[in-house]
Amino acid sequence: MNSKKRMVVYSLLVAIGIAGSLFGAGCGRSPAQSPKTVVDYWGREISIPEKVERVVPIYYVLAEYICAMGARDKIVGIGLVYTNNYLLERFCPAVYEIPEIGRGGLNLEALVELQPDVVICSNSTEMVDSIENLGIVAFGTFPNTIEGILQQIQDAGVIVGHEEQAGMLVDFQKSWLEYVTSRTGDLADDERPTVYYMREEFLETMGQGILSDIIALAGGKNVAQGLGESGRPMMVSLENVYQWNPEIIIIRDKSQITVQDVYDDPTWQGIEAVRARRIYKEHSGWTEFRTETVFGIMEKAKWFQPALFDELDVEAEYEQFLDLIASFYE
Amino acid sequence: MKSRYATIILLGLLCLVIAGFSLVKGAYRIELSNVWAILVGRLFGAEGNWSLSDQVVLLAVRLPRILLVVLVGASLAVSGAVLQATFRNPLVSPYLLGISSAASFGASVMMVFLSVYRPGLVQLSAFLFGMLAVFLASSIARLYDPLSNTVLILAGVVVSSLFSALVSILKYLATPETLRMIDLWSMGSFASARWRDVLQVMPFAIIGCVLMVLLSWRINVLSLGEQHATTLGVNPKALRFVLVAVTSLMTSVSVAVCGPIGWVGIIIPHSVRMMVGANNFFVILGCIGLGSAFLLLVDLLARTLLPGEIPISILTAIIGAGFFIVLVSRTRKGLWSQ
C-alpha cells in the first residue's frame, strides 16, 4: 500500500515536471512582443514572429495565396496538395515535391521536423490546439464571405511579410468586384435569372452561404438559396429542379460532368436552361475560396447578364492578373 | 393458414396504396387530374393539355423511381430472409458476403480513376466487384470446410473488411471532389433513378423472387439443419450454392444501381416472420410486399420531408428500428428459439 502511494506521488511529480517543461517551451517560443498580429477565425489576435521564413499551409488554397504573392520559397511543407491547380503548377511546381503532412490526418511529428515559424490551417479548434501545444504559432482561418477571402489573402501577406504584394492582389480583385457590383447591385429580383449550381453529381448543389452570394453578386439568383447548411453541398431531387425550373445551369469546375452530359440527358430535357442551351462550366480554379474567386464572379456576370457585360473580356483580365503574379518573381 | 394469406394480400395492398400515393406526391406539384390524364394519355395515346415538365416529372422521374424502389425493396428483403434461413442465423443480412463494401470499392475505383462522368460504368464495376466478393468469400470458406455456415460467414466478414480497407485507400488518394462522390454513393439514393436502372434490376428481382418462392419448401427443409435436409432428399450443398448465388445476384445489382441501402434486408424478414410465422413460403411472399412497401414509404419521406433529398440509409435505420421495436413489443415470445 505504502509503496503504491509513493509510486503515485512520484508519477505525479514526473507528470508535473513534464507539463512544466512543455509549458515553458511553449512560452519561450511565443513571440509576445511582436508588433505583427492577425485576427483568426475565432477573433483572437495572433502574434506573428517578426521574421517568418518557414510556413506550412495545411490547406492548399493558402499555399496558392502565398505562392501568388511571390513568397513560394517560404512554403516548407503542406497539408495536402492536388494536381490540376493552375496557379501552383505554373508558379510553384516545387510545392508538389515538398513534404505532405496532412493526408489522412495531420502528422504532428513531421510538422515539428519542418520547424515552421507559422502554420496556417482551417477553422478546426482541435488542429489549432494540437499545433499550439507544440509551441508553434497556428493561424486558423476560414472565410464565409467574399470580403473574408480577400481578407485571408491580406492576412497571408502579413504572415509571410509580403503585405504589399498581397495588397496588390486584393486591390486588383476589389476593383473588378466593384465594377461588377456597380452594374448588378441595383438589379430587381425579376431581372436576375434563376441559377442551378451543379456539383459532383447532377443532383448535388449548394444552398446557403458563399455560393449564393457569388451568384447574387454576378446578377443571378441561386434557386437553392437559403436551403441546406451554410457552405455545405446538399442533394436535391430532380423534382426540386423541375419545381425551380432554372434558366441557367452552372457546372462546378472540377466536376466530371460536362455541359454535353446535361444536354444529352433525357430526364433534363424539360428544364428551361437545357431548352435555352444556357449551361456553362466554370473555368478551372475560378470557384469560391480560391485566389481567382473574383474571376469566377466576372465570368458568371457575363453569363447571367450578357447585355451588361458585353465588353468585359475576363480571360484578358486574368492574363493581367497572372502578369502581376509573375512580376513578383522577377 | 387463411389468415396468413390474408396478411400477404394486405401487405400487397399496402404496397399498392403507398405506390399510388408516391405517384402523386413530390417536390414538384402536378395536379391530380393531370397525373391521371398523363398516365391514361400515354397508355392510350390520347392528347392532353399538360406541360412537358409535368409529363417528364411523372413518367421519367417519379414512375421509374417508384418501380426501382419496389424492385430493390423486394430484392433486399427476400435475399435477407433466404440467407437468414439458409445460414440459420438471424443476424445475417444480404451484405453478409461483403457485397456492399466490395461494390463500394468497385464504384470508388471508377470514380477515382475515371475522369469523365459515366454512371453506367460505375454501376457495372460495382456489380462486378459485388460478385467478386461473393466468389472470394465462398472460395475462402471452401478451403476450410465447404459445408460450414460459420466459416462462410467469417469469410464474408474478412472479405468485407478487406474491401472496406481498399475503399479507405482510395479515399486517401482521392481529391475532395471524388471523395464527395464516394461518400454520396455509399449513403445510397434513388434520387437519380431512371428507366435504364429499372430495366437492369427488373430481371434479377423478378426471376430471383419467383425462384425463391418456388424453392421455399426446400429452404424450410434446409433451415432444419443439413442432416435433416439430407434425410428428406434435399442436397444441402447444391441448394445452398443456388440460394447464395441467386440472392447475391439480386443484391449486387440493387447495390450497383442505388448504393448500399442498409437495414431492409434484416428488419423486414424478421418483421414478416412476426406476422406470418417461420414458413418460408409466406415469409418470402410477405417480404416482397413489406420490403417494397417499407422502402416506398422511406423513399417518399426521403424526397418530401425536406426541400432537398435525405440519404435513404439514414431513414431506413431510424424508421426501421422504430418499426421493429413496435413489432417486437406486440409479438409472442419464442419465435427465434425454435
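Reckoned from all heavy atoms, side chains included, excluding hydrogens, waters and symmetry mates. Residue numbers start from 1 in every chain, and the chains themselves are labelled A, B, ... in the order their sequence lines are given, proteins ahead of strands. Predicted, not measured: the structure shown is a model, and the values here were computed from it.
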Original post:
Got a sec: does the CD of B:Glu31 have more than 12 other heavy atoms crowding it under 6.0 Å?
Top reply: no

**OP:** Drop me the distance from B:Ser53's OG to A:Asn245's CG, to the nearest 0.5 angstrom.
**Re:** 5.0 Å

Subject >> Smallest separation among heavy atoms of B:Val56 and A:Thr267, with atom names >> reply: CG1-O, 3.7 Å

**OP:** Name, in order of residue number, those residues of residues 304-318 of chain B that have a heavy atom at a distance of less than 4.5 Å from a heavy atom in chain A; otherwise write 'none'.
**Re:** B:Pro307, B:Gly308, B:Glu309

Original post:
Residues of residues 199-206 of chain A under 4.5 Å from chain B (heavy atom pairs)?
Top reply: A:Glu200, A:Glu201, A:Phe202, A:Leu203, A:Glu204

Original post:
Pick from A:Gly270, A:Pro233, A:Pro266: which one has the most heavy-atom pairs with chain B under 4.5 Å?
Top reply: A:Pro233

**OP:** Give me the contact list for residues 174-190 of chain B versus chain A, heavy atoms only, anything under 4.5 Å, ordered by residue number.
**Re:** B:Ala174, B:Thr175, B:Pro176, B:Glu177, B:Thr178, B:Arg180, B:Met181, B:Leu184

Original post:
Between A:Ile271, A:Leu80, A:Asp265, which residue shows the highest count of heavy-atom pairs closer than 4.5 Å to chain B?
Top reply: A:Asp265

Subject >> Enclosure of B:Phe21 CZ (heavy-atom neighbours >12, cutoff 6.0 Å) >> reply: no

Original post:
If you round to the nearest 0.5 Å, how far is CZ of B:Arg303 from CE of A:Met235?
Top reply: 14.5 Å

Subject >> Contacting moiety of A:Asp253, where chain B heavy atoms sit under 4.5 Å >> reply: neither

**OP:** State the OH-CD distance between B:Tyr117 and A:Gln260, to the nearest 0.5 angstrom.
**Re:** 15.5 Å

**OP:** Please list, in residue-number order, every residue in residues 252-265 of chain B that has a heavy atom less than 4.5 Å from any heavy atom of chain A; write 'none' if there are none.
**Re:** none

Original post:
With side chains defined as the heavy atoms from C-beta onward, is the minimum distance between B:Val116 and A:Gln256 less than 4.5 Å?
Top reply: no

Subject >> Toward chain A, the part of B:Arg65 with a non-hydrogen atom under 4.5 Å >> reply: side chain

Original post:
For the atom pair OH (B:Tyr28) and CG (A:Asn240), what is the distance rounded to the nearest 0.5 Å?
Top reply: 12.5 Å

Original post:
For the atom pair OH (A:Tyr242) and CG (B:Leu58), what is the distance rounded to the nearest 0.5 Å?
Top reply: 12.0 Å

Subject >> A:Arg90 atom CZ: more than 12 heavy-atom contacts under 6.0 Å >> reply: yes

Subject >> Crowding at CD, A:Glu113 (>12 non-hydrogen neighbours, <6.0 Å) >> reply: no

**OP:** State whether the side chain of A:Glu239 and the backbone N or O of B:Val61 hold a donor-acceptor pair below 3.5 Å, judged by distance alone.
**Re:** no

